[in-house]
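Input: a single structure, listed below in structure tokens.
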Amino acid sequence: LFQVDISKAVRPGIAQPTRFLPDGRRMSIALRSGLKWSDGGEITAQDVTSTFEAMRRATNRNLQTRVADIVSVQPTGTYDLLITFRSIIDRRNMPKLLAFPILPRHKLQELPLTVRSDIAVQPVGSGFYKFVGRDAKTIHLEANEQYRKRGGNVEGPYIDKINILHIPDAASQVDHIRLGKVDILVEVPPSQIAILNAEGMSLPDYESLSFEFLAINHTNPLLAIREVRQAMEYGFDRDNILTRVYQRKGTLVAGPFPPYLKSYSLDVPPFEYNPEKAIGLLTGAGFTTIGNGGIRQDAAGRRLEFIIVWPKPVGTANMNIQVLNQFISDMRKIGIEITPRELGDDSYRDVVLYKRDFDLAFATFVYNEVGVVEPMFKSTNTEPGQLNFISYKNKDVDALLDEYERNDGRAEVLDNINKRLALILRDDC
């Protein structure tokens, strides 16, 4: 329906200009008429309602989250829709909430969707390209002539054919582009940036809606002590990692708001690297005895020993290993022992998201374009499978999240709430 372009501006996709209803919870959308799917079928409002239902019933919780703020999508005509949101939404964010792909209803007969569903095996879309076929290592796309026929301000596609190679190993991907076997890489390992720059290749930067973090399980009685969590923050030299591992291609953040989001606050700075302060916090929390291996413990003999789980890397150029190795080394310097435990993707998801059988976990979170943090931090979202998998509970945070739900939709109110949230979440680590 809508797209967020490279300058972060929201522009229409298949949607016409919209009309916001006075209650702040609803918007009326008219689709452009005469648009076709790549297989020739007409695009109508029913496709949008079917897509919403498919996402709502998805087994993938990330997809469910994309439509969590939407109550209903109702067709009011062949090309007209009425969308109702769960709460009052800042008008600048309403279109952003609808910046997800629309699927053809004639490919959504059986829900929930799986990797074996018809739409997954033989995709049909409305964008620049259409799926032609695939073999063991390559997906073949051709220009979507239906898109070229739209007229108006539509341009492109200018490239007639694209072949997408499946190369899991990041180092091998770089070798392929250096040898001229591929023309474009979507993501370049930071360690290879200097090499590709030296060979005259263009590496445009782009902002991300994701951030990487170490998740702390609050059900562990030792990690439930805020001074222990803060000591781990002060004792972890993240700026060194940003330089050494990521070649400064990234930003250190103070909490769960990527700088891309308007709610990101420069008034809430990240913790600085200060191992002396970390040791002082641990001492103040009663972990004064240095036991075997230099590990701190308290008067009851409780040792600061934790296990960190992380997903098994794909390929050889994996930065997570370097991050984890420094984290382990930095923690040992302040008297905390960290033992790594590598898991396959399915096992990792089961252990972290459902069983909650971890002390720490290396994780990545990807926001939608609005960036509401309620799913991650509301105390009522701690059931197995829900996104508050760290079992975080703070009544002040709950109150602010409730205030966010009751807001009158003004941008300055939303941003103020998010900045207050950011400060509390930063101090709680």
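The structure presented is a predicted model; accordingly, all values stated were derived computationally and were not measured.
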Could you tell me whether the side chain of [Y] reaches within less than 4.5 Å of the side chain of [X], counting heavy atoms only?
X	Y	value
Asp330	Ile328	no
Val124	Phe131	no
Met376	Asn388	no
Asp298	Arg303	no

Check step by step if side-chain contact (heavy atoms from CB on, under 4.5 Å) holds for Leu1 and Phe100.
CA-CA 7 Å; Leu1 295 176; Phe100 52 77; 5.7 Å; no

Using the salt bridge (Lys or Arg N to Asp or Glu O under 4.0 Å) rule, take Lys378 and Asp402 through it: C-alpha gap first, then chi angles, then the decisive distance, then the call.
CA-CA 9 Å; Lys378 193 73 178 286; Asp402 289 339; 3.0 Å; yes

Which class fits the ring pair Tyr234 and Phe271: parallel under 30°, tilted 30 to 60°, perpendicular over 60°?
perpendicular

Is the ring pair Phe365/Phe211 parallel, tilted or perpendicular, if the boundaries are 30 and 60 degrees?
tilted

Smallest separation among heavy atoms of [X] and [Y], with atom names:
X	Y	result
Ser191	Gln247	N-CG, 4.2 Å
Thr59	Pro112	CG2-CG, 4.0 Å
Pro189	Ala170	CG-CB, 3.8 Å
Asn144	Pro157	N-CG, 4.4 Å
Val352	Ala361	CG2-CB, 4.1 Å
Pro270	Arg238	CB-NH2, 3.4 Å

Determine whether a donor-acceptor pair (N or O, by modelled atom type, separation under 3.5 Å) exists between the side chain of [X] and the backbone of [Y].
X	Y	answer
Thr339	Ile307	no
Asn381	Gln386	no
Arg19	Ile29	no
Gln109	Arg105	yes
Arg86	Ala68	yes
Asp359	Ile308	no
Arg296	Phe287	yes
Tyr129	Ile159	yes
Arg229	Asp428	yes
Lys107	Gln122	yes

Atom NZ of Lys36: over 12 foreign heavy atoms under 6.0 Å:
yes

Does [X] come within less than 4.0 Å of [Y], counting only side-chain N to carboxylate O?
X	Y	value
Lys355	Asp350	yes
Asp398	Lys395	no
Arg332	Glu337	yes

Set out, in order, the CA-CA distance, both residues' side-chain angles and the distance that settles side-chain contact (heavy atoms from CB on, under 4.5 Å) for Asn240 and Val245, then state yes or no.
CA-CA 8 Å; Asn240 181 47; Val245 180; over 6 Å; no

Starting at NZ of Lys277, measure out to CD1 of Ile334 and round the result to the nearest 0.5 Å.
13.5 Å

Please test Arg426 against Glu233 for salt bridge (Lys or Arg N to Asp or Glu O under 4.0 Å), starting from the C-alpha separation and ending with a verdict.
CA-CA 10 Å; Arg426 170 197 181 273; Glu233 285 261 20; over 6 Å; no

Run the salt bridge (Lys or Arg N to Asp or Glu O under 4.0 Å) test on Asp239 and Arg248 for me, step by step, so that the C-alpha distance in whole Å, both residues' side-chain angles and the decisive distance to 0.1 Å come before the verdict.
CA-CA 9 Å; Asp239 192 69; Arg248 307 306 294 185; 3.2 Å; yes

Pair Leu281-Ile279, side-chain contact (heavy atoms from CB on, under 4.5 Å): steps then yes or no
CA-CA 5 Å; Leu281 283 165; Ile279 291 172; over 6 Å; no

Polar contact flag, side-chain donor to acceptor under 3.5 angstrom, Gln326-Arg244:
yes

Are Arg356 and Phe389 in a cation-pi setup, meaning NZ or CZ lies under 6.0 angstrom from the ring centre and within 45 degrees of the ring axis?
no

